[in-house]
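In what follows, a structure is listed as structure tokens, so that the remarks can point back to it.
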Amino acid sequence: MNSPAANSIQITVNGQARSVPEGLKLPDLLGILGVDPSRVAIERNREIVRRPEWPSTLILAGDEFEVVWFVGGGAR
């Protein structure tokens with residue numbers, strides 16, 4: 001019998017379908033995606049997830065995420 005953590009769920013990240021392990025929290029997802037958490041904002045199901053909520057945010061089947069990267073720069 002498979003353990004629950006071995007099961008996969010389907011989510012969408014920036015418009016692309018992905019299969020990820022069940023039971024992930026938001027920081028785990030960022031690790032899988034290879035994303036530097038200090039340089040992004042996260043939207044889940046069209047709502048911004050505040051950074052203090054990331055460790056307790058469980059990834060659920062069908063969730064839709066938008067990961068927005070901060071880009072430095074400015075006028076010269």
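In this text the structure is predicted, and so the values were computed from the model without any measurement. Numbering starts at 1 and runs along the sequence shown.
Residues F65 and N45 are not in side-chain contact: their nearest non-hydrogen atoms beyond the backbone lie 4.5 Å or more apart. Using a 4.5 Å heavy-atom threshold, the side chains of I11 and I59 count as touching. Side-chain contact between R44 and L60 is present, with heavy atoms from C-beta onward closer than 4.5 Å. Using a 4.5 Å heavy-atom threshold, the side chains of I42 and L30 count as touching.
V13 pairs with exactly one of E64, E66, R18 by the side-chain contact (heavy atoms from CB on, under 4.5 Å) rule, that one being R18.
Put simply, CG on D28 and OG1 on T57 are 11.0 Å apart, with the number rounded to the nearest 0.5 Å. A distance of 11.0 Å separates CG in L58 from CG in L29, rounded to the nearest 0.5 Å.
The two atoms that bring P21 and I32 nearest to each other are CD-CD1, 4.0 Å, heavy atoms only. Nearest approach of W54 to V49, heavy atoms of both residues: NE1-O, 3.1 Å.
A continuous path of hydrophobic side-chain contacts links L33 to W69 [ILVMFWY only; heavy atoms under 4.5 Å].
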